[in-house]
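Counting starts at 1 for both ligands and their atoms, in listed order. Numbers here are sequence positions counted from 1. Heavy-atom basis, side chains included; hydrogens, waters and symmetry copies ignored.
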Amino acid sequence: MFDTKSGKWTAAIATALCIGLSAATAVFVGAHAATSLEAGDDALIAKSLATMLRAGRTVISRNQDKINDSKLGDKGLDGKTVVAEAVKIYRETSGIDPASIEPNSLHGKLLRLEMDAIVEVLDGHQQTINRQGVGFKGFIPAVFGRQVSEAFGRRAVGLAEMKVTAPPKLVRNPKARADDWEGAVINDKLMLATWPKDQSFSELAKSKGKDAYRTAMPEYYGATCLSCHGSPAGEIDITGYPKEGAKVGDLGGVISITLYR
Ligand code: HEC
């Protein structure tokens with residue numbers, strides 16, 4: 001078990017085994033119970049933050065044609081509207097209403113910071129989104145996702161970080177480059193042919209020298225991604241980047257969530 005105060009792995013499980021309990025039962029005994037339950041909370045929080053990010057990207061994706069419409073002025077996609085739509089999708093996918101998550105809990109706090117980040121990004125792009133006479137404006141789910149992650153990171157300093165990264169040869173924006181931990185998890189786990197589809201990987205690891213509960217969630221290319229990330233490799237897509245030659249089902253990216261302890 002991991003002790004948040006000393007930052008060291010403790011022998012609680014070994015002790016439990018010595019006194020004849022299973023490791024699973026050890027969760028409920030002794031002074032380390034809180035720590036173990038926290039790890040469960042962390043897993044839930046990481047999943048929740050990723051669900052909200054995905055919900056937000058879905059809102060942008062569903063409205064992409066509207067955003068790209070050169071004739072339409074006000075698109076009606078301000079921060080408040082988009083976050084409300086994202087909350088609806090979050091509720092549909094998870095069965096949980098974000099508003100019901102206790103605001104003073106770490107989970108409630110981080111989820112609200114993420115929702116604030118979504119509002120910040122949308123409100124900051126109103127001029128671009130509502131510009132007439134321009135079709136494609138570069139405001140796509142990937143850009144939204146990166147900027148929400150960055151805005152979230154600024155709000156959650158010392159508590160959490162979020163990033164959408166990708167296998168090294170696919171990274172377009174240098175800001176999305178994997179760090180050592182993410183790179184190793186992508187290479188040694190998520191890229192394996194035997195890795196179960198959609199299975200995320202979590203562990204206690206360092207991030208920027210600090211102890212953290214880290215999660216990497218794989219994302220795969222679908223057909224709609226290939227107009228930009230597909231074939232022929234090297235051809236310039238609508239955003240100005242060379243296509244990667246990817247295929248449906250390839251590992252396209254990883255949502256990386258860091259929860260500091
Ligand atoms: C309209 C073209 C376009 C489409 C469609 C598209 N992407 Fe991208 N993608 C981009 C651009 C441009 C970036 C870089 C954005 C930035 O500046 O951060 C990017 C970045 C990414 C990243 C972050 C890592 C990086 O390379 O910077 C991932 C992961 C990703 N895309 C996956 C996908 C997936 C999965 C889909 C389909 C669900 C998809 N993309 C659809 C253009 C596209």
Side-chain angles (χ1 to χ4, degrees), residues 46 49-70 75 77 86 89 93 117-118 120-122 124-125 128-129 131 134-154 161-187 189-191 195 197-201 214-258:
L49 296 176
T51 301
M52 184 59 80
L53 187 71
R54 284 174 166 152
R57 284 192 315 203
T58 301
V59 178
I60 302 307
S61 171
R62 285 181 185 170
N63 285 284
Q64 193 70 68
D65 289 346
K66 195 192 234 180
I67 294 170
N68 295 355
D69 188 335
S70 66
K75 311 290 192 295
L77 289 172
I89 295 168
T93 31
I118 292 175
E120 177 187 327
V121 170
L122 262 300
H125 280 81
T128 308
I129 293 171
R131 184 163 298 143
V134 183
F136 184 71
K137 303 166 182 71
F139 195 73
I140 58 172
V143 169
F144 164 86
R146 175 172 53 76
Q147 296 195 356
V148 167
S149 302
E150 289 167 4
F152 172 77
R154 287 192 295 272
E161 276 168 39
M162 187 160 68
K163 174 167 143 193
V164 184
T165 182
K169 67 175 174 29
L170 297 180
V171 170
R172 292 186 161 201
N173 194 311
K175 289 179 183 165
R177 258 185 222 136
D179 73 3
D180 288 349
W181 182 84
E182 291 157 344
V185 171
I186 289 171
N187 203 51
K189 305 198 187 290
L190 307 183
M191 293 275 273
W195 188 260
K197 190 158 190 279
D198 288 325
Q199 185 168 301
S200 58
F201 177 79
R214 303 195 62 172
T215 303
M217 297 170 210
E219 305 214 284
Y220 307 91
Y221 290 124
T224 58
C225 316
L226 301 187
S227 59
C228 293
H229 294 286
S231 295
E235 185 181 84
I236 301 301
D237 73 14
I238 189 175
T239 68
Y241 281 93
K243 296 183 186 177
E244 287 84 358
K247 292 187 214 49
V248 167
D250 287 355
L251 179 73
V254 172
I255 299 183
S256 172
I257 309 269
T258 304

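The protein heavy atom nearest to atom 12 (C) of ligand 1 is Thr239 OG1, 3.3 Å. Protein heavy atom nearest atom 10 (C) of ligand 1, with residue, atom name and distance: Arg172 NH1, 3.4 Å. What sits closest to atom 15 (C) of ligand 1 on the protein, heavy atoms only, is Val143 CG2, 3.9 Å. Among protein heavy atoms, atom 31 (N) of ligand 1 sits closest to His229 NE2, 3.1 Å. Nearest to atom 28 (C) of ligand 1 among the protein's heavy atoms is Gly252 O, 4.2 Å. Scanning the protein for heavy atoms near atom 21 (C) of ligand 1, the closest one is Ala142 CB, 3.8 Å. In terms of protein heavy-atom proximity, atom 23 (C) of ligand 1 is nearest to Val164 O, 4.1 Å. What sits closest to atom 2 (C) of ligand 1 on the protein, heavy atoms only, is Cys228 SG, 1.7 Å.
Note that the CD atom of Glu161 and the CZ atom of Arg214 stand 8.0 Å from one another [nearest 0.5 Å].
For atom 8 (Fe) of ligand 1, the set of nearby N, O or S atoms under 2.8 Å includes none belonging to Cys225.
Here Ser61 has no heavy atoms under 4.0 Å from ligand 1, in either its backbone or its side chain. If you look at Asn173 next to ligand 1, the close heavy atoms, those under 4.0 Å, come from the backbone and the side chain alike.
Within 4.0 Å of atom 19 (C) of ligand 1, at least one protein heavy atom is present.
Across all non-hydrogen atoms, the minimal contact from Gly234 to Pro242 is O-CB, 3.7 Å. Across Leu170 and Gly252, no two heavy atoms sit closer than the pair CD1-O, 3.9 Å.
Taking 4.5 Å as the limit, some side-chain heavy atom of Leu77 sits within range of a side-chain heavy atom of Ile67. Between Val59 and Ile118, every side-chain heavy-atom pair lies at or beyond the 4.5 Å cut-off. In this structure the side chain of Ile140 reaches within 4.5 angstrom of the side chain of Gln64, judged on heavy atoms. The shortest distance between side-chain heavy atoms of Cys228 and Ile238 falls below 4.5 Å. In this structure, Arg57 and Met52 have side chains that are not in contact, with every pair of non-hydrogen atoms separated by 4.5 Å or more. Using a 4.5 Å cut-off on side-chain heavy atoms (C-beta onward), Pro141 and Ile60 make contact.
Contact analysis leaves Gly222 out of contact with ligand 1, as no non-hydrogen atom separation drops below 4.0 angstrom. Not close to ligand 1: Val254, with no non-hydrogen atom less than 4.0 angstrom away.
The shortest N or O to N or O distance between Thr224 and ligand 1 is not under 3.5 Å.
Remark: Lys197 qualifies as a cation-pi partner of Tyr220 under the 6.0 Å distance and 45° angle criteria applied to the six-membered ring.
Of all atoms in ligand 1, numbered sequentially from 1 with element shown, those under 4.0 Å from a heavy atom of Ser227 are 5 (C). The Ala176 neighbourhood of ligand 1 comprises atoms 24 (C), 25 (C), 27 (O), with distances under 4.0 Å to a heavy atom of that residue.
For the 3.5 Å distance criterion, the side chains of Thr165 and Glu182 fail to qualify, holding no donor opposite an acceptor.
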